[in-house]
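See below for the structure under consideration.
Values below: all heavy atoms of this structure, side chains included; hydrogens, waters and symmetry mates excluded. All values reported here derive from a predicted model rather than from experimental measurement.
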Amino acid sequence: MAHRTTPRDVPIAPGKHRFEQTIAVRRKSCYPQEMSPLRMLLERRRSVVIMGVLNRTPDSFSDGGRFADEKTALAQIDAMLSEGADMIDIGAESTRPGAQPVQDDEQIARIGASVRDAVKRGAVVSIDTTSPVVAARALDDGAAVVNSISLDGAAELGALCARRGASLVLMHSRGPMSAMAGFSSYADDAYGDVVADVAREWSSAAARAIEAGLPEGELVLDPGLGFAKNARQSLELCARLHELCALGFPVLVGPSRKSFLARAAASEAAARSDRGEAPLAPPPERLGGTVAAALACAARGAAAVRVHDVRPVRQALDVMRAIERAGADSRRRPDAPVAQGARGDG
């Protein structure tokens with residue numbers, strides 16, 4: 001088995017931003033005795049794993065209310081699986097800026113039969129919640145992953161996942177959603193170095209989960225694009241994602257339809273045309289940006305992407321992989337002809 005690097009082994013931006021953070025617990029086996037569904041999925045993957053989003057909420061920033069009833073939720077599960085989703089991420093609490101916490105019983109009621117329905121269809125299911133009560137109920141229904149948008153509950157959720165043989169996605173953020181000022185609104189000087197700071201803060205939470213009994217191999221790192229980060233900070237995390245991957249944990253990214261994509265596109269359009277910054281595209285019109293960010297993160301080592309639009313992202317990732325394979329195949333042929341500048345339309 002390959003050696004798993006630790007935060008001490010891998011500095012962030014060697015020579016400039018040295019990052020040293022040791023997870024101060026006894027090193028455990030990389031995998032539990034019986035490999036979890038998520039670990040098996042990550043081990044056998046030939047491409048980036050796609051996590052399809054199912055919001056059972058009335059107020060999510062992108063598609064709030066669309067899948068609030070059981071019939072439409074089930075249809076969306078079927079659609080995402082047919083379009084190439086490897087996982088279904090089900091949540092019942094909005095994570096938009098200013099969103100108020102949703103009580104456990106209300107989250108459970110909103111989720112309804114969705115976890116059971118997705119599991120029956122053979123999906124690996126994650127429950128998007130910070131609540132141990134909601135997470136436990138979803139695990140009872142067959143979920144295999146807890147996806148937390150907060151680092152605060154790492155120890156309690158880590159202990160729960162350890163007892164239940166589940167995986168834990170820990171997303172970096174700072175503070176509750178109710179305290180977030182707005183999409184991509186965060187002080188530019190709030191991070192000394194956004195990658196090093198995210199790595200340090202996430203590693204501290206990961207240590208708490210491991211100390212609570214969670215096998216290291218069941219942890220997934222999510223840098224939290226757009227959460228307590230402005231557009232520049234989120235873009236920098238995408239650009240330097242390989243540095244987070246070097247920590248040795250699978251990395252999941254969730255750029256889908258987020259405002260930093262619209263801000264980046266508007267800024268580039270303004271620079272190109274000298275007409276000033278255009279209005280930001282609304283969430284349903286950010287597909288191009290979602291695909292671009294997914295490809296950029298995949299090229300830098302992301303193991304999984306969380307998206308609303310499964311089919312186009314799956315197609316883009318498959319084509320990227322096909323191009324990479326074609327290039328590798330051509331390099332293995334020493335007698336391959338050198339192109340003479342001919343152009344074709346195929």
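Taking hydrophobic clusters as Ile, Leu, Val, Met, Phe, Trp and Tyr residues chained together by side-chain heavy-atom distances below 4.5 Å, Ile108 shares a cluster with Val119. Linking Ile, Leu, Val, Met, Phe, Trp and Tyr residues whenever their side-chain heavy atoms come within less than 4.5 Å places Phe67 and Val310 in a single cluster. Leu170 and Leu214 fall within a single hydrophobic cluster, where Ile, Leu, Val, Met, Phe, Trp and Tyr side chains are chained together by heavy-atom contacts under 4.5 Å. Residue Val307 is not grouped with residue Val220 when hydrophobic side chains (ILVMFWY) are merged at heavy-atom distances under 4.5 angstrom, including chains of intermediate members. In the hydrophobic clustering of ILVMFWY residues, with side-chain heavy atoms under 4.5 Å counting as a link, Leu247 and Val194 come out together.
Pairing each heavy atom of Leu219 with each of Ala209, the nearest pair is CD2-CB, 4.4 Å. Residues Arg110 and Arg56 share a closest heavy-atom pair of O-CZ, 3.1 Å. Here the closest non-hydrogen pair linking Val102 and Gln107 is O-NE2, 3.0 Å. Closest approach of Thr57 to Ala92, counting heavy atoms only: CG2-C, 3.3 Å. Nearest heavy-atom pair, Ser234 versus Lys229, reported as atom, atom and distance to 0.1 Å: OG-CB, 3.7 Å. The minimum heavy-atom distance linking Leu244 with Ala199 is given by the pair CD2-CB, 3.8 Å.
Remark: side-chain polar atoms of Ser82 are paired, donor with acceptor, to backbone N or O of Ala79 under 3.5 angstrom. Formation of a donor-acceptor pair under 3.5 Å by the Arg286 side chain with backbone atoms of Ala281 is found in this model. Counting only distance, with no hydrogens or angles, the side chain of Glu268 and the backbone of Ala265 share no donor-acceptor pair below 3.5 Å.
Looking only at side-chain heavy atoms (C-beta outward), His172 and Leu151 come within less than 4.5 Å of each other. With contacts defined as side-chain heavy-atom distances shorter than 4.5 Å, the pair Lys258/Pro255 does not qualify. A 4.5 Å side-chain heavy-atom check between Ser114 and Leu54 finds at least one atom pair inside the cut-off. You'll find the side chain of Ser131 stays beyond 4.5 Å of the side chain of Gln103, heavy atoms only. In this structure, Glu216 and Phe249 have side chains that are in contact, with non-hydrogen atoms separated by less than 4.5 Å. With contacts defined as side-chain heavy-atom distances shorter than 4.5 Å, the pair Pro101/Glu93 qualifies. Side-chain contact between Pro223 and Trp202 is absent, with no heavy-atom pair separated by less than 4.5 Å. For the pair Asp193 and Arg240, the minimum side-chain heavy-atom distance is below 4.5 Å.
For Glu285, there are no salt bridge (Lys or Arg N to Asp or Glu O under 4.0 Å) partners two or more places apart in sequence or in a different chain. Scanning for salt bridge (Lys or Arg N to Asp or Glu O under 4.0 Å) contacts around Arg232 gives Asp188, Glu236, with sequence neighbours left out. Under the salt bridge (Lys or Arg N to Asp or Glu O under 4.0 Å) criterion, Asp309 pairs with Arg257, sequence neighbours left out.
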(message) What verdict does the side chain to side chain contact (heavy atoms under 4.5 Å, CB included) test give for Thr72 and Gln76, after you've listed the backbone C-alpha separation in whole Å, the side-chain angles of each residue and the deciding distance to 0.1 Å?
(response) CA-CA 6 Å; Thr72 55; Gln76 180 66 357; over 6 Å; no

(request) Report the C-alpha separation of Ile111 and Val134 in whole Å, then their side-chain angles, then the decisive distance to 0.1 Å, and conclude whether the side chain to side chain contact (heavy atoms under 4.5 Å, CB included) test is met. (result) CA-CA 10 Å; Ile111 292 165; Val134 177; 3.9 Å; yes

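Between Glu43 and Arg39, at least one side-chain nitrogen of the basic residue sits less than 4.0 Å from a carboxylate oxygen of the acidic one, meeting the salt-bridge criterion.
Atom CG of residue Leu252 and atom CD1 of residue Ile50 lie 11.0 Å apart, to the nearest 0.5 angstrom. Atoms CG and SG, on Leu295 and Cys238 in that order, are 11.5 Å from each other to the nearest 0.5 Å. To the nearest 0.5 Å, atoms CG (Leu81) and CD1 (Ile88) are separated by 4.5 Å. To the nearest 0.5 Å, atom CE of residue Met51 and atom CE of residue Met87 are 3.5 Å apart. Rounded to the nearest 0.5 Å, atoms OG (Ser203) and CG (Leu221) are 7.0 Å apart. Atom OH of Tyr191 and atom CG of Asp197 lie 7.5 Å apart (nearest 0.5 Å).
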Could you list the donor-acceptor pairs under 3.5 angstrom formed by side chains in residues 137-149, with sequence neighbours left out?
| unit_1 | atom_1 | unit_2 | atom_2 | d |
| --- | --- | --- | --- | --- |
| Asp140 | OD1 | Arg164 | NH2 | 2.5 |
| Asp141 | OD2 | Arg116 | NH1 | 3.3 |
| Asn147 | ND2 | Asp89 | OD1 | 3.4 |
| Asn147 | ND2 | Asp89 | OD2 | 3.3 |
| Ser148 | OG | Ser150 | N | 3.2 |
| Ser148 | OG | Ser150 | O | 2.8 |

Show the atom names and distances, to 0.1 Å, of all donor-acceptor pairs under 3.5 Å that link a side chain in residues 311-323 to residues at least two apart or in another chain.
| unit_1 | atom_1 | unit_2 | atom_2 | d |
| --- | --- | --- | --- | --- |
| Arg314 | NE | Asp318 | OD1 | 3.4 |
| Arg314 | NH1 | Asp86 | OD2 | 3.3 |
| Arg314 | NH2 | Ser47 | OG | 3.0 |
| Arg314 | NH2 | Val48 | O | 3.1 |
| Arg321 | NE | Arg46 | O | 2.6 |

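Listed by first then second residue, pairs satisfying salt bridge (charged side-chain N to carboxylate O under 4.0 Å, His left out) with a partner in residues 152-163 number zero, not counting sequence neighbours.
A salt bridge (Lys or Arg N to Asp or Glu O under 4.0 Å) with Asp78 is found for one member of Lys120, Arg121, Lys71 and no other, namely Arg121.
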